[in-house]
> 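Structure provided below as structure tokens; questions to follow.
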Amino acid sequence: MCGIVGAIAQRNITPVLIDGLKRLEYRGYDSAGIAVVDAEQALDLRRSVGRVASLEQICDGVEGHLGVAHTRWATHGRPAEHNAHPHTSSFQVAVVHNGIIENHHELREAQKQQGFVFSSETDTEVIVHQIDWHMQQGKNLLAAVQATVGELKGAYGLGVVSKQETDVLIAARSGSPLLVGLGENENFIASDMSALIPVAKKYMVLEDGDIARVTTDKVEIFDANGQAVQRDIRISTLSDDEIELGGYAHYMKKEIHEQTRAITETLEGRLGADSVLELPFGDEARDIFDAAKQIKIIACGTSFYAASVARYWFEEFGIRCDVEIASEYRYRKHVVDPGTLFVTISQSGETLDTMAALDMAKGLGYTNTLCICNVAESSLVRASDLTIFTHAGREIGVASTKAFTTQLVVLLMLAICLRRRRVGDGQTIDDMEREIVQELRSLPQQIENVLDLENDIIAMAKHFTHKHHALFLGRGAHFPIAMEGALKLKEISYIHAEAYAAGELKHGPLALIDEDMPVVAVAPNNELLEKLKSNLEEVRARGGKLFVFADQHSGLTSDEEAMVLEVAPVNNYIAPILYVVPLQLLSYHVALNKGTDIDKPRNLAKSVTVE
Ligand code: AGP
């Protein structure tokens, strides 16, 4: 989604801005731009549709010590050069903006009356005209931004520069992440610390309502009441190692293959000889787990499917668990049972709907809030009582893979901790826990074995290249795995894919089956296998083509109508974590055959920071 970089320095900052934008590309965007205050104290504005590389080509000769830059993911107004940020007001002020301004219609009408001319269809343009108007009334840049944000309704992360104050960079935040990176006689702003890896290790996170006045050697922050405030200086742990492709053609492929390491690191220090340890989850973990009588999990997309798998585990262990999509949860009424632990799951920790759901939950009487997250420096982590990190390492491919499997690992560990209280005294380890812990230990190796199926999956993927639709089937905890498989295929190959609980076939989707509708199924050897086999027979009887990932002992074999890839036997609780891996690989190779932009699929963003 949209990204912001800004810089003020004694050197030419154009290369810093362009490099920062490149580092934000993974978030997803459709246009990019830069505004630099040049040596003549004029605003040099360059914008282009498409990749940052195209913008870079038109930035030859752009030089200055102060500027802002942006990658835009269109919300108001189509992707077009005139809608790309920065926006200027008669080249007096330039603004980059993440978020959505809800009262832009009213402001636009008032500004037209004042004589401002609009050159875009964006909600952002009203911000820059409003700042300009306040400056025309005699305010300095900081005061003009303070006055303007007081008139905005909605969410914003802002970077602002003016040709009238060439030694000041202003940043403002409400509902959209923004931070200030601290350098040596130079300072920066960014929506995501990864934009600043080569130039700043130290940074400060702005809180909602904050406005920062940034110069080369000073950062002053004012809260929503205009009071000067201090924000903690943090040290970033991000490094460039995580963003190297390391010989892989795509980040998605790299991240699929990294799952063995990611899971090993997620388990690291959290397992005892035969149990899940609680202390590594934090000092508060024990009390929070003790107080949790049931849980409510909120998430979006892939993280929601992780929650949906976990629901089977929690309920199997006797713990009531409700799971809901954040964008639905936040707009309805709730009855909260006492002792409910509110859990959010998010790879990025910046998903706006999930953040808003957490905000709302805090006022509703949940006992505690816990988040499962992959990004230590994220908003969700800061807002939650307790965080359990998935140590997946940076995930860059828009299609989530290693974040999903590590989320499942964390959720299974959480379920075990809560189960211990449900079936015993909270301390005693029983045989079931011992068995699951041993299986978790062997999971990285089991994933390695599944990755070895890649050549067979490449052969399977060829059958999908010219298809327009696909159906994914699973039962029990593998139904959400089928949903995740379908999401992966549609995200990166643009093939329409639907997932169904296999038992639902005859209630409608069976009507779709013909030789043009490939049916993908996951068939672990569990108590639902025979039921699933009957469902697959229903498909076969109607001329459907089956592509099945099945346990070696399932009795399912390849023939003219079915391609069956065998997976080694696996413990039932662990199975969903393993069975999603071949589905990830299948989507990847279908997309590769189709030649799509795998890491940055059209219309999608890695971090969904708008509603
Ligand atoms: C996953 O492949 C998707 N790109 C998307 O559904 C994602 O999982 C969703 O936007 C939630 O993101 P989060 O985990 O960062 O909150």
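Just so it is clear, the structure is predicted and the values come from calculations on it, not from any experiment. Remember, it's 1-based here, ligands and their atoms both numbered in the order they're listed.
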> Are Glu265 and Arg261 ion-paired here, with the side-chain N under 4.0 Å from a carboxylate O?
yes

> What I want to check is whether the side chains of Gln584 and Gln259 have a donor and an acceptor closer together than 3.5 Å.
yes

> Ring centres under 6.0 Å, that's the criterion: do Phe547 and Phe464 meet it?
yes

> For residues 459-468, which residue pairs pass the side chain to side chain donor-acceptor pair (under 3.5 Å) check, not counting sequence neighbours?
Thr465-Asn593

> Looking only at distances, please establish whether an N/O atom of ligand 1 is found under 3.5 Å from an N/O atom of Val398.
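In this structure, Val398 places an N or O atom under 3.5 Å from an N or O of ligand 1.
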
> For atom 7 (C) of ligand 1, what's the nearest protein heavy atom and its distance?
Thr302 N, 4.1 Å

> Hydrogens and angles aside, do Asn83 and Thr122 bring a side-chain donor and acceptor to less than 3.5 Å of each other?
no

> Identify the protein heavy atom lying closest to atom 9 (C) of ligand 1, giving its residue, its atom name and the separation to 0.1 Å.
Cys300 O, 3.8 Å

> Where the closest heavy atom to atom 4 (N) of ligand 1 is concerned, which of Glu491, Lys606, Gln584 has it?
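Checking each option, the heavy atom nearest atom 4 (N) of ligand 1 is found in Glu491.
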
> Which ligand 1 atoms are under 4.0 Å away from a heavy-atom of Ala399?
2 (O)

> Looking at residues at least two apart in the chain, or sitting in another chain, which of them share a side chain to side chain contact (heavy atoms under 4.5 Å, CB included) with Ala171?
Leu178, Ile189, Leu206, Ala212

> Among protein heavy atoms, which lies nearest atom 10 (O) of ligand 1, and at what distance?
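Result: Val608 CG2, 3.9 Å.
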
> When you compare ligand 1 with Thr351, is there at least one nitrogen or oxygen pair between them that comes in under 3.5 angstrom?
yes

> Run the numbers for me: atoms of ligand 1, each under 4.0 Å from some heavy atom of Ser346, listed by number.
13 (P), 14 (O), 15 (O), 16 (O)

> State, without any angle test, whether Glu454 and His589 hold a side-chain donor-acceptor pair at a distance under 3.5 Å.
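Indeed, the side chains of Glu454 and His589 share at least one donor-acceptor pair under 3.5 Å.
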
> Who's the nearest protein heavy-atom neighbour of atom 15 (O) of ligand 1, and how far?
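Ranking protein heavy atoms by distance from atom 15 (O) of ligand 1, first comes Ser348 OG, 2.7 Å.
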
> Mind checking whether Glu350 has a heavy atom under 4.0 Å from ligand 1?
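Outside the 4.0 Å threshold, so no.
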
> Flag Ser303 as yes when one of its N or O atoms lies below 3.5 Å from any N or O atom of ligand 1, and as no otherwise.
yes

